[in-house]
Amino acid sequence: MSDFVKASQVFVDNPSKSREEVLQLLSEQAVALGMAEDAAAVRAAYDAREDMGATGMQDGFAIPHAKADAIKEAGVIVVKLQEPVEWPSFDDKPVDVVISLLVPDGEAGTTHIKLLSNVAVMLMREEFRDAMRATDDAEKIAAIINDGLDA
(Lines give C-alpha, C1' and ligand atoms only; values in the text may rest on other atoms or scores of the structure.)
Protein backbone atom coordinates (compact mmCIF):
# COMPACT_ATOMS: atom_id res chain seq x y z
CA MET A 1 0.00 0.00 0.00
CA SER A 2 3.02 2.28 -0.17
CA ASP A 3 1.38 4.59 -2.74
CA PHE A 4 -2.25 4.09 -1.70
CA VAL A 5 -2.69 7.74 -0.71
CA LYS A 6 -1.53 10.29 -3.29
CA ALA A 7 -0.90 14.00 -2.82
CA SER A 8 -3.95 14.71 -5.00
CA GLN A 9 -6.07 13.11 -2.25
CA VAL A 10 -4.82 15.55 0.40
CA PHE A 11 -6.47 18.94 0.90
CA VAL A 12 -4.75 21.38 3.24
CA ASP A 13 -5.78 24.75 4.60
CA ASN A 14 -9.40 23.94 3.78
CA PRO A 15 -11.91 26.68 4.70
CA SER A 16 -14.89 24.38 5.49
CA LYS A 17 -16.80 25.68 8.52
CA SER A 18 -18.83 22.61 9.53
CA ARG A 19 -18.88 18.82 9.52
CA GLU A 20 -21.57 19.02 6.82
CA GLU A 21 -19.33 21.12 4.56
CA VAL A 22 -16.46 18.67 5.05
CA LEU A 23 -18.65 15.66 4.22
CA GLN A 24 -19.91 17.42 1.09
CA LEU A 25 -16.34 18.25 0.04
CA LEU A 26 -15.31 14.62 0.58
CA SER A 27 -18.27 13.36 -1.48
CA GLU A 28 -17.52 15.71 -4.37
CA GLN A 29 -13.79 14.99 -4.30
CA ALA A 30 -14.43 11.23 -4.32
CA VAL A 31 -16.08 11.72 -7.73
CA ALA A 32 -13.50 14.24 -8.96
CA LEU A 33 -10.68 11.84 -8.02
CA GLY A 34 -12.36 8.94 -9.83
CA MET A 35 -13.04 6.92 -6.66
CA ALA A 36 -16.83 7.18 -6.98
CA GLU A 37 -19.53 7.77 -9.57
CA ASP A 38 -22.19 9.64 -7.61
CA ALA A 39 -21.48 12.35 -5.02
CA ALA A 40 -25.03 12.24 -3.64
CA ALA A 41 -24.79 8.49 -3.00
CA VAL A 42 -21.41 8.91 -1.31
CA ARG A 43 -22.81 11.73 0.83
CA ALA A 44 -25.77 9.55 1.81
CA ALA A 45 -23.31 6.83 2.88
CA TYR A 46 -21.32 9.32 4.99
CA ASP A 47 -24.53 10.63 6.57
CA ALA A 48 -25.78 7.13 7.35
CA ARG A 49 -22.48 6.32 9.09
CA GLU A 50 -22.44 9.62 11.00
CA ASP A 51 -25.97 8.85 12.24
CA MET A 52 -24.65 5.59 13.77
CA GLY A 53 -22.19 7.35 16.09
CA ALA A 54 -19.18 9.58 16.41
CA THR A 55 -16.46 9.36 13.78
CA GLY A 56 -14.53 12.05 15.61
CA MET A 57 -11.76 10.31 17.51
CA GLN A 58 -9.57 12.34 19.85
CA ASP A 59 -7.12 15.22 19.65
CA GLY A 60 -8.88 16.87 16.70
CA PHE A 61 -8.91 13.89 14.32
CA ALA A 62 -11.94 12.32 12.63
CA ILE A 63 -12.31 9.21 10.47
CA PRO A 64 -15.55 9.55 8.53
CA HIS A 65 -16.12 6.58 6.27
CA ALA A 66 -18.46 5.67 3.46
CA LYS A 67 -19.37 2.28 2.03
CA ALA A 68 -21.51 2.39 -1.10
CA ASP A 69 -22.07 0.80 -4.50
CA ALA A 70 -21.29 4.21 -6.02
CA ILE A 71 -17.71 3.90 -4.74
CA LYS A 72 -15.64 2.18 -7.44
CA GLU A 73 -12.33 1.82 -5.64
CA ALA A 74 -11.19 1.98 -2.05
CA GLY A 75 -9.41 5.16 -1.14
CA VAL A 76 -8.48 7.73 1.45
CA ILE A 77 -9.03 11.48 1.31
CA VAL A 78 -7.37 13.75 3.87
CA VAL A 79 -8.57 17.24 4.77
CA LYS A 80 -6.70 19.61 7.08
CA LEU A 81 -8.95 22.48 8.06
CA GLN A 82 -8.03 26.13 8.53
CA GLU A 83 -10.05 26.17 11.76
CA PRO A 84 -11.44 23.30 13.88
CA VAL A 85 -15.13 22.46 13.35
CA GLU A 86 -17.70 20.97 15.68
CA TRP A 87 -17.78 17.20 15.19
CA PRO A 88 -19.08 14.56 17.59
CA SER A 89 -15.92 13.01 19.03
CA PHE A 90 -14.80 10.76 21.87
CA ASP A 91 -13.20 13.67 23.70
CA ASP A 92 -15.87 16.27 22.78
CA LYS A 93 -13.23 18.45 21.10
CA PRO A 94 -13.58 19.98 17.63
CA VAL A 95 -11.87 18.40 14.62
CA ASP A 96 -9.28 19.91 12.30
CA VAL A 97 -7.79 16.82 10.60
CA VAL A 98 -10.08 14.46 8.70
CA ILE A 99 -8.90 11.11 7.33
CA SER A 100 -11.78 9.77 5.28
CA LEU A 101 -12.12 6.18 4.10
CA LEU A 102 -14.11 5.25 0.99
CA VAL A 103 -14.88 1.61 0.31
CA PRO A 104 -16.96 -0.16 -2.35
CA ASP A 105 -19.92 -1.97 -0.81
CA GLY A 106 -18.51 -5.34 -1.86
CA GLU A 107 -15.34 -4.78 0.17
CA ALA A 108 -17.14 -3.73 3.36
CA GLY A 109 -15.92 -6.65 5.47
CA THR A 110 -12.35 -6.77 4.18
CA THR A 111 -10.77 -3.57 2.86
CA HIS A 112 -12.94 -1.38 5.10
CA ILE A 113 -12.02 -3.20 8.31
CA LYS A 114 -8.31 -3.27 7.41
CA LEU A 115 -8.21 0.46 6.55
CA LEU A 116 -10.21 1.49 9.60
CA SER A 117 -8.07 -0.64 11.88
CA ASN A 118 -4.81 0.71 10.42
CA VAL A 119 -5.89 4.34 10.66
CA ALA A 120 -7.19 3.88 14.21
CA VAL A 121 -3.84 2.36 15.23
CA MET A 122 -1.96 5.25 13.59
CA LEU A 123 -4.06 7.78 15.50
CA MET A 124 -3.08 6.15 18.80
CA ARG A 125 0.56 6.99 18.11
CA GLU A 126 1.59 10.46 19.24
CA GLU A 127 4.38 10.62 16.64
CA PHE A 128 1.83 10.07 13.86
CA ARG A 129 -0.48 12.81 15.18
CA ASP A 130 2.47 15.18 15.61
CA ALA A 131 3.79 14.46 12.11
CA MET A 132 0.35 15.10 10.60
CA ARG A 133 0.09 18.42 12.38
CA ALA A 134 3.66 19.48 11.59
CA THR A 135 3.21 19.85 7.82
CA ASP A 136 0.82 21.19 5.22
CA ASP A 137 2.78 19.54 2.41
CA ALA A 138 0.37 17.17 0.64
CA GLU A 139 3.21 14.85 -0.51
CA LYS A 140 4.50 14.53 3.06
CA ILE A 141 1.04 13.92 4.48
CA ALA A 142 0.40 11.19 1.88
CA ALA A 143 3.76 9.60 2.74
CA ILE A 144 3.04 9.70 6.48
CA ILE A 145 -0.25 7.88 5.98
CA ASN A 146 1.20 5.40 3.48
CA ASP A 147 4.02 4.60 5.93
CA GLY A 148 1.42 3.93 8.61
CA LEU A 149 -0.61 1.69 6.29
CA ASP A 150 2.54 -0.29 5.44
CA ALA A 151 3.52 -0.79 9.10
Report the C-alpha separation of Leu23 and Trp87 in whole Å, then their side-chain angles, then the decisive distance to 0.1 Å, and conclude whether the side chain to side chain contact (heavy atoms under 4.5 Å, CB included) test is met.
CA-CA 11 Å; Leu23 295 175; Trp87 198 300; 4.2 Å; yes
Which distance, rounded to the nearest 0.5 Å, do you find between the [atom1] of [X] and the [atom2] of [Y]?
{"X": "Lys6", "Y": "Asn146", "atom1": "NZ", "atom2": "CG", "value": "8.0 Å"}
{"X": "Tyr46", "Y": "Asp51", "atom1": "OH", "atom2": "CG", "value": "15.0 Å"}
{"X": "Ile141", "Y": "Ile99", "atom1": "CD1", "atom2": "CD1", "value": "9.5 Å"}
{"X": "Ile71", "Y": "Asp38", "atom1": "CD1", "atom2": "CG", "value": "10.5 Å"}
{"X": "Lys80", "Y": "Asp96", "atom1": "NZ", "atom2": "CG", "value": "7.5 Å"}
{"X": "Asp136", "Y": "Asp13", "atom1": "CG", "atom2": "CG", "value": "6.5 Å"}

How about [X]: does its [atom1] atom have over 12 heavy atoms from other parts shown lying under 6.0 Å from it?
{"X": "Glu20", "atom1": "CD", "result": "yes"}
{"X": "Lys93", "atom1": "NZ", "result": "no"}
{"X": "Glu127", "atom1": "CD", "result": "yes"}

Please tell me if the side chains of Val79 and Ser100 come closer than 4.5 Å, counting only heavy atoms from C-beta onward.
no
Side chains of Thr135 and Ile144 in contact at under 4.5 Å (non-hydrogen atoms)
yes
How far apart are the closest heavy atoms of [X] and [Y], and which atoms are they?
{"X": "Ala45", "Y": "Ala68", "value": "CB-CB, 4.0 Å"}
{"X": "Ala66", "Y": "Val42", "value": "CB-O, 4.1 Å"}
{"X": "Ala7", "Y": "Ala142", "value": "N-CB, 4.0 Å"}
{"X": "Leu25", "Y": "Ser16", "value": "CD2-OG, 4.4 Å"}

Hydrophobic cluster identity match, [X] and [Y], side-chain contacts under 4.5 Å:
{"X": "Val10", "Y": "Val31", "answer": "no"}
{"X": "Met57", "Y": "Leu149", "answer": "yes"}
{"X": "Phe90", "Y": "Phe128", "answer": "yes"}

Whether the side chain of [X] engages the backbone of [Y] through a donor-acceptor N/O pair (distance < 3.5 Å, no angle test) should be reported.
{"X": "Gln29", "Y": "Leu26", "value": "no"}
{"X": "Glu86", "Y": "Pro94", "value": "no"}
{"X": "Arg43", "Y": "Glu28", "value": "no"}
{"X": "Asp91", "Y": "Asp59", "value": "yes"}
{"X": "Asp69", "Y": "Asp105", "value": "no"}
{"X": "Lys67", "Y": "Arg49", "value": "no"}
{"X": "Gln9", "Y": "Val5", "value": "no"}

Please evaluate residues Val95 and Val22 with respect to the criterion side chain to side chain contact (heavy atoms under 4.5 Å, CB included), reporting the C-alpha separation (whole Å), side-chain torsions for both, the decisive distance (0.1 Å), and the verdict.
CA-CA 11 Å; Val95 164; Val22 173; over 6 Å; no
Give the C-alpha distance, both sets of side-chain angles, the deciding distance and a yes or no for side chain to side chain contact (heavy atoms under 4.5 Å, CB included) between Met122 and Met132.
CA-CA 11 Å; Met122 285 187 269; Met132 287 290 290; over 6 Å; no
Test Thr55 against Glu50 for side chain to side chain contact (heavy atoms under 4.5 Å, CB included), laying out the working first.
CA-CA 7 Å; Thr55 58; Glu50 292 294 315; 2.5 Å; yes
